[in-house]
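In what follows, chains carry the letters A, B, and so on, assigned in the order in which the sequence lines appear, proteins first and then strands, with residues in each chain numbered from 1.
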Number of protein chains: 2
Amino acid sequence: MVMKKKTIAATRPRRTGAETQAPAESSDAASMFDPVERSPAYTKVSSAIEHKILSRALRDGDVLPAELELAQQFRVHRSTVREALRQLESAGLVARPPGAKRMIVSRPEAAKVASGMRHALVLHEVSFVDVWEAMMVIEPEVAALAALRRTQADLAALTQTSEAFRESPEGDPDSVNIVATFFEQLGAASRNQVLVLAKQSLTQALAPSLARMIDTVPQARTRITDAQRRIIVAVRDKNADEARKWMSKHVRDFKRGYEVAGISPDTPISV
Amino acid sequence: MVMKKKTIAATRPRRTGAETQAPAESSDAASMFDPVERSPAYTKVSSAIEHKILSRALRDGDVLPAELELAQQFRVHRSTVREALRQLESAGLVARPPGAKRMIVSRPEAAKVASGMRHALVLHEVSFVDVWEAMMVIEPEVAALAALRRTQADLAALTQTSEAFRESPEGDPDSVNIVATFFEQLGAASRNQVLVLAKQSLTQALAPSLARMIDTVPQARTRITDAQRRIIVAVRDKNADEARKWMSKHVRDFKRGYEVAGISPDTPISV
DNA sequence: AATTGCCCTATTGTCCGACAGTCCGGTTTT
DNA sequence: AAAACCGGACTGTCGGACAATAGGGCAATT
């Protein structure tokens, strides 16, 4: 167990070196050689594992081998494995159940993906209208689908959420979350995971400024309550057109609210 | 070395045990204590940096301090910093320009976000119809927006791409990429970053199976060519309704293609 | 029998220290 | 001035260490 390490270090072909000077003697505009891809070991390790996960050789819930064992299998140092694991962890492909030692393979949750998208939106200084526009595209259709596919349980959940919103006190900072939940449940009722994923990012991105809006515009609460009620009725009656129509109004109202609140539609969304 | 552990074990409040029996004598279902949050240092470091980036104290293009310096500032070991950096790297918040030493702050590219979403879709075994349904929701509207907002350059790009597709040889494995490019450019023309992000994931997710479909169904190529032509005309004329209509047909055709190719709509999309 | 206390082992989180390979900017040589 | 050279600053990776803890097993206790 002592000499193994030496052997490895000697075997390992100090990765770089012969690559940098190649381009010097290429003919002209069209280069003769493609830049050689030099990727650090931690990337190699992480993509190896990632591949196993995506190809479902490792399935959701499987326990990953211990770091040391991985290190031995890949013939790299444990630190290297750990760096790889951090990549996968932040991608949501592996996770550690609270208070567990080993990592398990997991599929990225909607919230995780959404937050990645939210980061992108924030950093690209996407404006409120852009998000709103996307909502105008997606939400009404989702509502329509939900109306067609909802189960009794979906309906109950929606009703309860709407109830909760109606009863939430005036300045309750939690109100927005309830509104978000309503959207989320509608997504769930649409039985389309893809749309749910896309939607969630939007609501997440919008939430902070929406909160301010609701607190500023007095009519906001009643308008939201009203829209929710209409949507619920449409969903209950499996009336896709109505659902679409009211969701459309509902989302459109958001923009109105922003205008009334004096928030410019071009304000970039923020954290 | 023997009694140290004893002391520790005694001090440590055996977390799990305490929780499980708490509900026994508590008033009812709600447990009395929240689980204490224990997060490793690498997470703390990475969220500290993440926060600085999202709040734009660190802006796109800024060079991060060297690992050693970060380690000193955070008072942790360099390895710990590196683990944190890997997290940020895989989130796309920092990146290293090819052949550069220091890391720079960057905003997650559309492709990055899209691939995160694609992972999620694959692992959740989302079926082809789900993706297709989402496309049916998004793409026509994007086309409509594109028609309204396209510039001359957008139009040129679209035309060129469509041209490229028409000229691509029969079994060319690159054909799908050209189709994808067409969608992407249309997204760009819509001037809505949010929709672009959402779209891209869908096209990415669909691409592999789409490739098979195109190769299997003989009529596919002409139908695609035709649809593209119509869409381009509509976009040229700034005719939103026509653009929407033809994009709708175009996407619907995909499903038809799958049916003809004998691919079940419930096939989960794969890598 | 169920609970509690104690110990051991496998593993993780973190740290130290080291070194080769490479990038970069300045210096010397041609 | 262009080319070759050089030393410092960093990164990538490694070897090695150690404390803390999750998980089990075993024994003492209720």
Side-chain angles (χ1 to χ4, degrees), chain A residues 1-22 24 35-36 38-46 63-72 74-87 89 94-104, chain B residues 1-21 24-25 35-36 38-46 63-72 74-87 89 94-104:
Chain A
M1 187 243 213
V2 190
M3 43 28 160
K4 255 182 267 167
K5 295 171 186 172
K6 185 170 288 181
T7 326
I8 294 157
T11 312
R12 176 168 51 97
R14 276 292 170 189
R15 204 169 44 62
T16 26
E19 297 144 26
T20 343
Q21 60 220 35
V36 60
R38 260 178 312 163
S39 45
Y42 62 79
T43 320
K44 299 238 185 72
V45 171
S46 94
V63 205
L64 278 188
E67 294 173 355
L68 198 58
E69 189 173 327
L70 285 173
Q72 282 158 354
F74 285 112
R75 302 282 176 74
V76 298
H77 193 257
R78 187 160 77 98
S79 312
T80 307
V81 168
R82 283 179 65 82
E83 292 186 36
L85 288 180
R86 294 297 85 84
Q87 303 227 200
E89 189 181 23
V94 307
R96 190 193 320 285
K101 187 134 273 190
R102 311 282 281 276
M103 292 269 229
I104 65 164
Chain B
M1 181 260 213
V2 190
M3 44 26 158
K4 253 183 269 170
K5 292 174 182 171
K6 185 175 293 183
T7 326
I8 295 153
T11 313
R12 176 168 51 97
R14 282 286 174 191
R15 204 174 44 63
T16 27
E19 286 160 7
T20 344
Q21 68 210 30
E25 68 244 296
V36 57
R38 263 173 316 160
S39 47
Y42 63 80
T43 322
K44 301 240 185 72
V45 171
S46 95
V63 213
L64 277 188
E67 294 172 357
L68 197 56
E69 190 173 327
L70 284 173
Q72 282 157 355
F74 285 112
R75 303 280 176 72
V76 297
H77 193 260
R78 189 157 78 95
S79 312
T80 307
V81 168
R82 282 177 66 83
E83 292 186 34
L85 287 180
R86 294 297 86 81
Q87 304 228 209
E89 188 181 23
V94 305
R96 190 192 321 283
K101 188 129 275 193
R102 309 282 282 276
M103 290 269 223
I104 66 165

Under the salt bridge (Lys or Arg N to Asp or Glu O under 4.0 Å) rule, collect the residues that match up with A:Glu67, sequence neighbours excluded.
A:Arg78, A:Arg82

Partners of B:Ser79 by side-chain hydrogen bond (donor to acceptor under 3.5 Å, both in side chains), sequence neighbours excluded?
B:His77

Could you check whether any side-chain heavy atom of A:Leu64 comes within less than 4.5 Å of a side-chain heavy atom of A:Leu85, counting everything from C-beta outward?
yes

N/O to N/O distances under 3.5 Å, protein versus nucleotides 12-16 of chain C:
{"unit_1": "C:dT12", "atom_1": "OP2", "unit_2": "A:Glu67", "atom_2": "N", "d": "3.0"}
{"unit_1": "C:dG13", "atom_1": "OP1", "unit_2": "A:Arg96", "atom_2": "NH2", "d": "3.0"}
{"unit_1": "C:dG13", "atom_1": "OP2", "unit_2": "A:Arg82", "atom_2": "NH1", "d": "2.9"}
{"unit_1": "C:dG13", "atom_1": "OP2", "unit_2": "A:Arg82", "atom_2": "NH2", "d": "3.4"}
{"unit_1": "C:dG13", "atom_1": "O6", "unit_2": "A:Arg78", "atom_2": "NH2", "d": "2.7"}
{"unit_1": "C:dT14", "atom_1": "OP1", "unit_2": "B:Ala41", "atom_2": "N", "d": "2.4"}
{"unit_1": "C:dT14", "atom_1": "OP2", "unit_2": "B:Ala41", "atom_2": "N", "d": "3.2"}
{"unit_1": "C:dT14", "atom_1": "O4", "unit_2": "A:Arg78", "atom_2": "NH2", "d": "3.0"}
{"unit_1": "C:dC15", "atom_1": "OP2", "unit_2": "B:His77", "atom_2": "N", "d": "2.7"}
{"unit_1": "C:dC15", "atom_1": "OP2", "unit_2": "B:Thr80", "atom_2": "OG1", "d": "2.6"}

In whole angstrom, give the distance that lies between atom CZ of A:Arg38 and atom P of D:dT11.
15 Å

For B:Gln87, which residues count as a side-chain hydrogen bond (donor to acceptor under 3.5 Å, both in side chains) partner, sequence neighbours excluded?
none

Residues that A:Arg102 engages under side chain to side chain contact (heavy atoms under 4.5 Å, CB included), provided they are two or more places apart
A:Val63, A:Ala66

